[in-house]
Amino acid sequence: MSSTTLFTEGERVTLAEMLAVREKRVAIQRELLSSQKEDSLLMALMNIPGPIKNNQQLEAVFTEVLERIEEVLGNDLPQASLYRNLKTGAEYFFLSPLTPAQLKEKMVMIEETHPFGRLFDLDVLWMEGNDLKSISRTELGLNTRRCFICNRDAKDCGRSRRHTIEEMQDAISKIIQEGSDQLHD
């Protein structure tokens, strides 16, 4: 699969659409957590740069990781789960009885061991009063995420825009190709 195909098929997304879906996502997070205040919420998204955020190939990658998440959390039945397949990218919400730390540890394991894990943000949230909180890797004593291009701190690369969209898309295409080969061998 070439980056040409992967990042040309699908609907283009505008900044306004991304901002609107982000706002809706926060509303869903609040709604789910306000009904189960003692639970933790997994929020799964893919990191896809450029104007095309979703298509058949990206949805297949998302589904593959979603299946792994459900395997890992199989014994911890969700209080609620929601999958939204949007042109801005697929989203998965999983309300869990696990503590934020327990849930985050399981998600970090997926991010680090699944062939497509590097392409995902598997964030863990909870409500503290009226505030949404999230747990980071460093709060668990773990290393920060590494950039899949240069292996520096991923957030530093993102903030400084160290890599072009084309470089990121080429790296993502390679990860998906190698991951697909690995999963289907």
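In this structure, Lys155 places its NZ atom where only 12 or fewer heavy-atom neighbours from other residues, nucleotides or ligands lie under 6.0 Å away. More than 12 heavy atoms of other residues, nucleotides or ligands lie within 6.0 Å of CG in Asp181, so this atom counts as buried by the packing criterion. In this structure, Glu23 places its CD atom where only 12 or fewer heavy-atom neighbours from other residues, nucleotides or ligands lie under 6.0 Å away. Summarising the local packing, CG of Asp131 is surrounded by more than 12 heavy atoms from other residues, nucleotides or ligands at distances under 6.0 Å. Annotation: Arg84, atom CZ; neighbour count of heavy atoms from other residues, nucleotides and ligands within 6.0 Å is above 12. Open room surrounds CD on Gln56; 12 or fewer heavy atoms of other groups in view lie less than 6.0 Å from it. With a 6.0 Å radius and a threshold of 12 heavy atoms from other residues, nucleotides or ligands, Glu31 has its CD atom at or below the threshold.
In this structure, Arg68 and Glu71 have side chains that are in contact, with non-hydrogen atoms separated by less than 4.5 Å. Lys104 is not listed as a side-chain neighbour of Glu139, based on a closest heavy-atom distance of 4.5 Å or more. Considering only heavy atoms from C-beta on, Leu33 comes within 4.5 Å of Leu95 through its side chain. The side-chain heavy atoms of Gln169 and Leu6, taken from C-beta on, include no pair separated by under 4.5 Å. With a 4.5 Å cut-off on side-chain heavy atoms, Ile176 and Gln57 do not count as touching. Contact of the Glu11 side chain with the Ile52 side chain is not registered, since no non-hydrogen atoms from C-beta on lie closer than 4.5 Å. The shortest distance between side-chain heavy atoms of Phe93 and Met43 falls below 4.5 Å. Contact check for Trp126 versus Thr99: no side-chain heavy atoms found under the 4.5 Å cut-off.
The line from CG of Leu41 to CD of Gln36 is 11.0 Å long, rounded to the nearest 0.5 Å. Atom-to-atom distance recorded for Ile149:CD1 and Glu167:CD is 5.5 Å, nearest 0.5 angstrom. In this structure, CD1 on Ile165 lies 12.0 Å from CG on Asp170, to the nearest 0.5 angstrom. Note that CG of Leu42 and CE of Met107 are 5.5 Å apart. Values are rounded to the nearest 0.5 Å. Taking OH of Tyr83 as the reference point, atom OG1 of Thr63 lies at 4.5 Å (rounded to 0.5 Å). To the nearest 0.5 Å, atoms CZ (Arg25) and CG (Leu82) are separated by 11.5 Å.
The heavy-atom pair separating Ala80 from Leu32 by the smallest distance is CB-CD2, 4.0 Å. Minimum interatomic distance between Ala90 and Asn54 (heavy atoms only, all atoms of both residues): N-ND2, 3.7 Å. Taking every heavy atom of both residues into account, Phe7 and Ser173 meet most closely at CE1-OG, 3.5 Å. Considering every non-hydrogen atom in both Met46 and Leu58, the closest pair reads SD-O, 3.7 Å. Here the closest non-hydrogen pair linking Leu103 and Ser40 is CD2-CB, 3.8 Å. Residues Ile69 and Ala44 approach most closely at CD1-CB, 4.3 Å, considering heavy atoms.
The hydrophobic clustering, which links ILVMFWY residues whose side-chain heavy atoms are closer than 4.5 Å, places Leu183 and Val61 together. No continuous path of hydrophobic side-chain contacts links Leu45 to Val13 [ILVMFWY only; heavy atoms under 4.5 Å].
Using a distance-only test at 3.5 Å, with no hydrogens or angles considered, no donor-acceptor pair links the side chain of Asn151 to the main chain of Arg146. Judged purely by atom type and a 3.5 angstrom limit, Thr88 has no side-chain atom pairing as donor or acceptor with the backbone of Met18. Looking only at distances, no side-chain donor or acceptor of Lys37 sits under 3.5 Å from a matching main-chain atom of Met127.
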Name each donor-acceptor pair under 3.5 Å that joins a side chain in residues 110-123 to protein atoms two or more places apart or in another chain, with its distance.
residue	atom	partner	partner atom	Å
Glu111	OE1	Arg137	NE	3.4
Glu111	OE1	Arg137	NH2	2.6
Glu111	OE2	Leu122	N	3.0
Glu111	OE2	Arg145	NH1	3.3
Glu112	OE2	Arg137	NH1	2.7
Thr113	OG1	Met109	O	2.6
His114	ND1	Phe116	N	2.9
Arg118	NH2	Cys147	O	3.2
Asp121	OD1	Asn47	ND2	3.4

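Aromatic ring centres of Tyr92 and Phe62: separated by at least 6.0 Å.
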Take Leu73 and Leu98 through the side-chain contact (heavy atoms from CB on, under 4.5 Å) test and state the conclusion after the steps. CA-CA 9 Å; Leu73 298 177; Leu98 295 174; 3.9 Å; yes
How far apart are the C-alpha atoms of Val108 and Glu105, what are their side-chain angles, what is the distance that settles it, and do they pass the side-chain contact (heavy atoms from CB on, under 4.5 Å) test? CA-CA 5 Å; Val108 168; Glu105 284 174 357; 5.9 Å; no
